[in-house]
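Notes follow once the structure below has been shown.
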Amino acid sequence: MVFKGGRTETSLALKYLLRKGFPGGRNASVPQVLIIVTDGRSQGHVALPAKQLKQRGVTVFTVGIRFPRWEELHSLASEPRERHVLMAEQVEDAANGLFSTLSGSAICTTTSPDCKVQPHPCERKTLETVRELAGLAPCWRGSRSTDAVLAALCPFSSWKRVFFTHPTTCYRTSCPGPCDSQPCQNGGTCVPEGPDRYRCLCPPAFGGEANCAPNLSLECRVDVLFLLASSADATPEGFQWAKAFVKRFVRAALTGDSRARVGVARYGAELTVAVPVGEYQDVPDLVRSLDSLPFDGGATLTGRALRQAAERGFGSAPGTGLDRPRRAVVLMTEARSQDEVAGPAGFARARELLLLGMGSEDVRAELEVITGGPERVLTYTGPRDLFDQIPKLQGKLCSRPRPGCQAQSLDLVFMLDASVSVGPENFAQMQSFVRSCALRFDVNPDVTQIGLVVYGGLVQTAFGLDTHLSRAAVLRALSQAPYLGGVGSAGTALLHIYDKVMTVQGGARPGVPKAVVVVTGGSGVEDAAVPAQKLRENGVSVLVVGVGPVLREALRRLAGPRDALIHVATYADLSHHQDALIEWMCREAKQPVNLCKPSPCMNEGACVLHSGSYRCECQGGWEGPHCENRECGISSHIGAGRVVSVLLFPGTVAKGGSRALTEGVSLRSFIRQTFSGCPLHPRCHAG
């Protein structure tokens, strides 16, 4: 097409169409749409020919350019005029408005049932010439009588062009496209090939992988049921995202050597299993089944769907025995449930189902209740963020319990809530949980030391870090930990650990990572945030395990960073979170340490870092590597910090200092008398 120039004869163009019809047009059974792109400044009258065209059934859109004459555009356009008058400079809005109007009319149907038409306020601009009073100038005014000529001041005007804005409503259509989520990673370019298909042009290093991403094949043996929310609150757009995610996941994960099987179900008020687990010919067949999966609407009964998924979601998959693969339900929802979820979720977990949740931040708390904790929840903010979760989901589906950090040194204290709000039965489940965790560590003075503090009406050190030197001894002591009852204060218990347990006197080792794991029912934690921060500032990591309907905000303040909080639905679910806790403890065991935090120096001695080590500067009256010895009377004989050996020979007299071990005097009494006033090193035992 070439630019012609000349006059704007819109009326002649309309009369041509009235006379000749649409060039190349078909018969009258085919809808006709006329799109007029103009500044709306025609040299002729346009209202009558436009009216005649519309009477013949032609739908007329007008698209204004630059600063159009809006009155003329409105007279040309079909009704309702605000949806048939568009602005060329707003290219995307104009095109979307055209599609929105057509898809909402009887002329044609929308290409995707998930497209959304959204109105939004906007402005139209016109450039008009206006006359303004410029001032007054002397002029002559006369009349028919010859003597009636008068001098006067006459107004004079100037002309200028002025922008005018007209508030109106624009319409925007958003349709999910295959490349909207930018699926091609590592610099790949997405090329759409239809409404829901695409291909990636990948850099050379990633040319052989789907979406230009590393291979994400599921190598573990697992049966996965995707449970997609299809209720009214979940929205058609969210349902489309979920379907697109599952299609992308199966294409990436179900490769030729994969031992995983997948099924898909949707739910609103009822559960519908669209693809039973493993019952598909190949991945393309599974994808075709997903394409035909409709959006239902209706209520959001997530609890009911979970129970039904546990009962019949895995079809003919082996239900018992060693041959059964791992079974997982991946719940994808953006809508809060309208029924109770904790009970059905517990029912599903009791059937040894791994529950994983995916959704927006709005439903995170509910997903944590359903799955049993935050480590089994993935959240996203949009399509791209959603598709980036595929590697994380693959990892969670195939993760298995791993041994603890056997070779890493760690001083570890468990702090258990033994208050009346927990009760003896739940406290016993806490003990069992801590015993299971202790089994994963090599307990000895050179690797891992474990201590236990319980709190209720009072705070008690059940056993210190250096009390039990083997795993068997720690396990026996954990079983004998007392239930205290009473009203507990987590803050008081943490201060007790700070002052009495995580110290050199209490058996803590300088230069070794230190961690406290708090297991609580949530009562009495309001005063704990400051003591927990005091421990962190002293080089001690703090993790909080909150059980049941706890005070979330108080726990979050106590836990500090988000990854230092594990929320558990019930005490019976503690075992499901053992892997997450062990992973956190092993991560803390690998953190760099400050040799002076907590301070290894006793009796108010100052710790000074020096050449990769430390030294203690002692206060007056104290001496020793850790300021542990009070200066005593025999120092002039044997020297401070020396090792004293007493050798006994039959029939002789042994002397130590100025005292003699004579017949009838015990060795213990002799040592006590000789070295009175010199306290033993904390690592030594009086026996």
Side-chain angles (χ1 to χ4, degrees), residues 408-415 441-453 459-470 473-474 477 492-518 531-542 585 588-632 635 639-644 675 677-687:
Q408 295 290 332
S409 297
L410 180 66
D411 284 346
L412 175 62
V413 174
F414 287 96
M415 182 180 120
F441 290 93
D442 181 9
V443 179
N444 69 63
D446 298 320
V447 186
T448 301
Q449 292 189 148
I450 295 179
L452 176 65
V453 171
V459 179
Q460 180 176 331
T461 302
F463 55 88
L465 286 166
D466 60 349
T467 304
H468 300 296
L469 308 181
S470 68
V474 167
T492 302
L494 288 170
L495 288 175
H496 174 82
I497 292 174
Y498 180 90
D499 292 330
K500 304 291 186 183
V501 182
M502 278 294 184
T503 62
V504 171
Q505 300 97 312
R509 297 165 293 177
V512 173
K514 295 168 177 60
V516 174
V517 177
V518 180
Q533 185 59 31
K534 189 175 181 180
L535 277 167
R536 291 192 189 94
E537 291 172 353
N538 206 34
V540 181
S541 302
V542 180
M585 288 190 285
E588 294 304 309
K590 297 175 183 177
Q591 297 295 321
V593 295
N594 184 331
L595 295 175
C596 286
K597 287 189 176 182
S599 175
C601 305
M602 299 158 52
N603 301 305
E604 300 182 356
C607 179
V608 179
L609 293 172
H610 178 69
S611 301
S613 183
Y614 69 92
R615 71 173 188 273
C616 290
E617 295 182 351
C618 303
Q619 298 288 332
W622 295 95
E623 60 187 7
H626 298 98
C627 308
E628 70 275 20
N629 296 328
R630 185 179 292 280
E631 295 179 355
C632 55
S635 60
R642 297 288 182 85
V643 176
V644 179
F675 303 110
C678 301
L680 291 173
H681 187 280
R683 297 287 292 161
C684 299
H685 297 277

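Residues take their numbers from the sequence shown, with the count starting at 1.
- Contact check for Val518 versus Leu494: side-chain heavy atoms found under the 4.5 Å cut-off.
- A 4.5 Å side-chain heavy-atom check between Val542 and Gln533 finds every atom pair outside the cut-off.
- With sequence neighbours excluded, the residues satisfying side-chain contact (heavy atoms from CB on, under 4.5 Å) with Thr503 are Gln505.
- Under the 30°/60° scheme for interplanar angles, the aromatic rings of Phe463 and His468 are found to stand perpendicular.
- Legend: residues meeting side-chain contact (heavy atoms from CB on, under 4.5 Å) with Val593, ordered by chain and number and at least two apart, are Pro513.
- Of all non-hydrogen atoms in Arg630 and Glu623, the two that sit nearest each other are O-OE2, 4.3 Å.
- For the side-chain contact (heavy atoms from CB on, under 4.5 Å) test, residues two or more places apart in sequence or in another chain that qualify with Cys618 are Trp622, Cys627.
- Donor-acceptor pairing under 3.5 Å is recorded for the side chains of Asp411 and Gln449.
- At least one donor-acceptor pair under 3.5 Å links the side chain of Lys514 to the backbone N or O of Arg509.
- Listed here is the closest heavy atom pair of Val517 and Met585: CG2-SD, 4.0 Å.
- When the side chain to side chain donor-acceptor pair (under 3.5 Å) test is applied to Asn538, no partner is found at least two apart in sequence or on another chain.
- Sorted by first and then second residue, the salt bridge (charged side-chain N to carboxylate O under 4.0 Å, His left out) pairs with a member in residues 610-622 read Arg615-Glu617; sequence neighbours excluded.
- Residues satisfying the side-chain contact (heavy atoms from CB on, under 4.5 Å) criterion with Asn594, sequence neighbours excluded, are Cys596, Lys597, Leu609.
- For the atom pair CD1 (Ile450) and CG (Leu410), the distance works out to 8.0 Å, reported to the nearest 0.5 Å.
- Residues satisfying the ring pair (Phe, Tyr, Trp, His ring centres under 6.0 Å) test with Tyr498, not counting sequence neighbours, are none.
- Taken together, Cys601 and Cys616 meet the criterion of an SG-SG distance shorter than 2.5 Å.
- Shown here are the ring pair (Phe, Tyr, Trp, His ring centres under 6.0 Å) partners of His496, two or more places apart in sequence or in another chain: there are none.
- Contact detail for Leu412 and Leu465: the closest heavy-atom pair is O-CD2, 3.5 Å.
- For the residue pair Leu595 and Pro600, the shortest heavy atom distance occurs at O-CD, 3.6 Å.
- Not counting sequence neighbours, Glu604 has no partner by the salt bridge (Lys or Arg N to Asp or Glu O under 4.0 Å) test.
- With sequence neighbours excluded, the residues forming a side chain to side chain donor-acceptor pair (under 3.5 Å) with Thr492 are Ser489, listed by chain and number.
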